[in-house]
2 protein chains.
Amino acid sequence: MELSERKKQILKAVVEHYIESAEPVGSKLLAQELGVSSATIRNELAELCELGFLEQPHTSAGRAPTPQGYRLYVNELMERRTVSAQEAERIDETLRDKLTNAGGAMANAGQLVSSIVNYPAYSVKRGNAALTVERFELLGVDERSFITVVMTSDKNVRSQLQQTALPFDAQRLGNLKHLLNTHFTGKSRAEMSTRLMSVSEQLAPELFLVVSKTVEYAAQVLDEAGRRDVETTGASRILTMPEYRDMDRAHELMTFLVDNKEQLPVPEGDAPLQVLIGPENVDAALRDTSVVVASYDIGEGMRGLVGVVGPTRMDYATVTARLAYFAESLSKMFGKGLPGKQENDNPEA
Amino acid sequence: MELSERKKQILKAVVEHYIESAEPVGSKLLAQELGVSSATIRNELAELCELGFLEQPHTSAGRAPTPQGYRLYVNELMERRTVSAQEAERIDETLRDKLTNAGGAMANAGQLVSSIVNYPAYSVKRGNAALTVERFELLGVDERSFITVVMTSDKNVRSQLQQTALPFDAQRLGNLKHLLNTHFTGKSRAEMSTRLMSVSEQLAPELFLVVSKTVEYAAQVLDEAGRRDVETTGASRILTMPEYRDMDRAHELMTFLVDNKEQLPVPEGDAPLQVLIGPENVDAALRDTSVVVASYDIGEGMRGLVGVVGPTRMDYATVTARLAYFAESLSKMFGKGLPGKQENDNPEA
DNA sequence: TTTAGCACTCGGGAGAAAAGAGTGCTAACA
DNA sequence: TGTTAGCACTCTTTTCTCCCGAGTGCTAAA
């Protein structure tokens, strides 16, 4: 059944007041706002309650939205705001300031979002499990150490200094490099391991030790790049919100954000923006929080993910607008002006 | 004036009870513990109050230690425990588990300590401002991109892929590398900048662009290595402590730990363990918290730093014992079994 | 110097009462 | 038929009071 126009108006007003005050809203306030009597409003409110959009904490209290109420609000009622010029300016500035400095964009994204929307936030680095090593390089340093350089198939480069038990001259290093590049490039982690075993038979033990160490390092690099990585920030912001006056609730959510961050929602589709309200979250610990999550383009067909976590009474209009703008800006930044990829995926000034 | 033996005993008992219960301790409990009458204890307590070691929240309450009381306790009264065998085992295990995985030791140290002592903790990566580039390497990838490898004077290696506007063949790359290694190694950040300017005159503009970009990257690497870096973890642990029942206090400390972590105490001397009690902290935000901070050896004359933050009612005996043991273990791990340095200073399995 | 005894202080908890906010229902009204 | 005014009712929150208990300081005796 479609709600009457007035009911929608009332529901919208209730949601917005509740979002602002965190307190059940009564008929009086609404009456004066909509220009009808409080009795009329009360009739409507009672019906909205029966329909499941509103609820009363107790008999003689005002109404608060149910998750279903928020859902309708987000889907239909909420004005789809775009950020104001000042907000845009502020976000752009934050982006410019922080992102050009050292430090991975992913790690920072959550932090930035959190400061932009004033809720806890998280960012997800999606791992690429299909990554392989594209090229090995070995640079001699002295007799017993050399630099291993590994370039992965997504053009990231990493390197480490490696000590060896036996002396390595330039020629040996060349041979080793050739061996690595012929046997261990373009291989998955698992393939690298099996290949390592088959190679072990053909090599002197001391040499094999060096090969295995180098391959191990490469595997480690791939692991790290392939790992899905979730970072949360701004968890302490919830302490200012009335729903987290209760220490236990606050503590529960905060420890969840820190210790179980891997379980934060990571929607599959490429929807630019997604809102999960209360019980729509699969994880029990999030059953009375809402999550807004946006994806952004990091180039080369890859997408990053940032999300915001807050009470169901979250300011959806503002959060969605700002988050959308943020994701858009970030996509743009990755699209252009990226001269080359660096170790930590951080774009260069 | 030196305190009588009995006064010390009483003070010690008060501190320990208060540490455990967070509630002012009365004469009755102490009387029964020390085998004298409560009246006697009361006299002693009154004197300890006058001397500034104890205080009363209000007239008819028990006594709680003042910072001065804690200080005496830590300096003289506290039994200098060593960790029990189980504790040691647990710490060793935690260390083995976490530290061998990917991820910098410094970043992890705080996290480990926090889980070991059950208070918020922080770790400091001391920057080395005197760092220079020891060696540049350039590895051609294709016509318009090459890998820059930078080895710093502390034998760390970092690398990035770099795009160029004009095509670069092997010979040009060789020249460029030679130029970088003759002009920009062993130089401080500032020197590198001035050297860059003087070099600019002798080079074609397109070539200079590439040089400057590479040098900029090197500078960035030095910056990052030179930056003092503080990481905090476990801030949410305070929410279970009675002194942070008050949301405002909890919020204040938590935001401080997140946003102002650079202001956490970093003692200068190489004392293995240092305790800062309440107002002994310079920072106002820490005036009613205590900090225990330990330094550990990361080899090559460098020292790392880990600290614990908690209420003045911190369990000093346990914390100092565990932290000392942790720092010692960490030093040992860095001392041996470190085959070579990696990018992130993480020891290899 | 220690102890028993006692009057006193103060915070915290239990109720009771009052205040306040908001409701549902009924009856009148346009 | 939808809207409104009025009113009794419900339930929470706040305030006030009272009382209890824990603990003290002081005094006088051992």
Side-chain angles (χ1 to χ4, degrees), chain A residues 1-11 13-18 20-66 69 242-243 245-247, chain B residues 1-11 13-18 20-66 69 242-243 245-247:
Chain A
M1 169 194 122
E2 182 70 8
L3 291 181
S4 74
E5 200 48 49
R6 191 170 64 186
K7 278 206 182 59
K8 286 186 184 173
Q9 230 180 327
I10 292 176
L11 179 56
V14 170
V15 171
E16 284 171 359
H17 275 111
Y18 190 78
E20 205 186 313
S21 71
E23 255 154 47
V25 2
S27 55
K28 209 166 173 179
L29 183 64
L30 295 168
Q32 136 187 7
E33 206 159 278
L34 301 190
V36 285
S37 82
S38 67
T40 312
I41 299 284
R42 276 203 293 280
N43 288 331
E44 299 280 51
L45 286 178
E47 287 178 48
L48 282 168
C49 264
E50 263 174 39
L51 292 168
F53 295 109
L54 297 178
E55 65 186 349
Q56 288 178 290
H58 52 88
T59 334
S60 77
R63 302 316 204 282
T66 61
E243 27 270 289
R245 262 298 158 71
D246 178 20
M247 286 308 238
Chain B
M1 170 195 120
E2 182 70 9
L3 291 180
S4 75
E5 201 48 48
R6 191 169 64 185
K7 279 207 181 59
K8 286 185 184 174
Q9 231 180 327
I10 292 176
L11 179 56
V14 170
V15 170
E16 284 171 0
H17 275 111
Y18 191 77
E20 204 186 314
S21 70
E23 256 155 45
V25 3
S27 55
K28 211 164 171 181
L29 182 67
L30 295 168
Q32 135 187 8
E33 205 158 280
L34 301 190
V36 285
S37 81
S38 66
T40 312
I41 299 284
R42 278 203 292 280
N43 288 333
E44 299 281 50
L45 286 177
E47 283 179 50
L48 282 167
C49 263
E50 262 172 41
L51 292 169
F53 295 110
L54 297 177
E55 65 187 349
Q56 289 179 289
H58 52 88
T59 333
S60 75
R63 304 314 207 280
T66 60
E243 28 270 290
R245 263 296 159 72
D246 178 20
M247 287 308 240

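Since the structure is predicted, the reported quantities are computational estimates derived from the model, not experimental observations. Order of the sequence lines sets the chain letters (A, B, ...), proteins ahead of strands, with each chain counted from 1.
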Looking only at side-chain atoms of [X], point me to the closest of [options].
X: B:L45; options: D:dT24, C:dT23, D:dT3; value: D:dT24
X: A:V36; options: C:dT23, C:dC10, D:dT4; value: D:dT4
X: A:H58; options: D:dT12, C:dC10, D:dT10; value: D:dT12

For this session: Look at A:T59 and D:dC11 and indicate whether a side-chain polar atom (N or O) is within less than 4.0 Å of OP1 or OP2.
Result: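 Checking D:dC11 against A:T59, a side-chain N or O does come within under 4.0 Å of OP1 or OP2.
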For this session: Examine C:dT1: is either OP1 or OP2 under 4.0 Å from a nitrogen or oxygen in the side chain of B:R6? Give yes or no.
Result: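 No, B:R6 has no side-chain N/O under 4.0 Å of OP1/OP2 on C:dT1.
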Exercise. Should A:E2 and A:K8 count as an ion pair when the cut-off is N to O under 4.0 Å?
Worked result: yes
Problem set entry | Flag side-chain contact, heavy atom, 4.5 Å: A:R6 against A:T40 |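 Yes; the side chains approach each other to less than 4.5 Å.
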Exercise. Within a strict 4.5 Å, meaning less than it, do heavy atoms of the A:L48 and A:V14 side chains meet?
Worked result: no
Exercise. Any donor-acceptor pair under 3.5 Å between the side chain of A:R42 and the base of D:dG2?
Worked result: no
Exercise. So does B:S60 reach the base of D:dT24 with its side chain, donor to acceptor, closer than 3.5 Å?
Worked result: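 Flag unset: no donor-acceptor pair detected.
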Taking [atom1] from [X] and [atom2] from [N], how many angstroms apart are they, rounded to a whole number?
X: A:N43; N: C:dT26; atom1: CG; atom2: P; answer: 12 Å
X: B:R63; N: D:dA22; atom1: CZ; atom2: P; answer: 17 Å
X: B:E44; N: D:dG25; atom1: CD; atom2: P; answer: 13 Å
X: A:L29; N: C:dT23; atom1: CG; atom2: P; answer: 11 Å
X: B:E23; N: D:dA22; atom1: CD; atom2: C1'; answer: 11 Å
X: A:L54; N: C:dG24; atom1: CG; atom2: P; answer: 12 Å
X: A:L30; N: C:dA21; atom1: CG; atom2: P; answer: 16 Å
X: A:I41; N: D:dT3; atom1: CD1; atom2: C1'; answer: 11 Å

Problem set entry | Distance (rounded to the nearest 0.5 Å) between A:D246 CG and B:M247 CE |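 The CE atom of B:M247 is 7.5 Å from CG of A:D246, to the nearest 0.5 Å.
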Problem set entry | Of A:A46 and B:A39, the one whose closest DNA chain C nucleotide lies more 5' |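 The residue mapped nearer the 5' terminus is B:A39.
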For this session: Would you classify A:S27 as touching base, sugar-phosphate or nothing, given that sugar-phosphate means primed atoms plus P, OP1 and OP2, and contacts are heavy atoms under 4.0 Å?
Result: sugar-phosphate
For this session: Look only at the side chain of A:S27 and the backbone of A:R42, and say whether a donor-acceptor pair between them is shorter than 3.5 Å.
Result: no
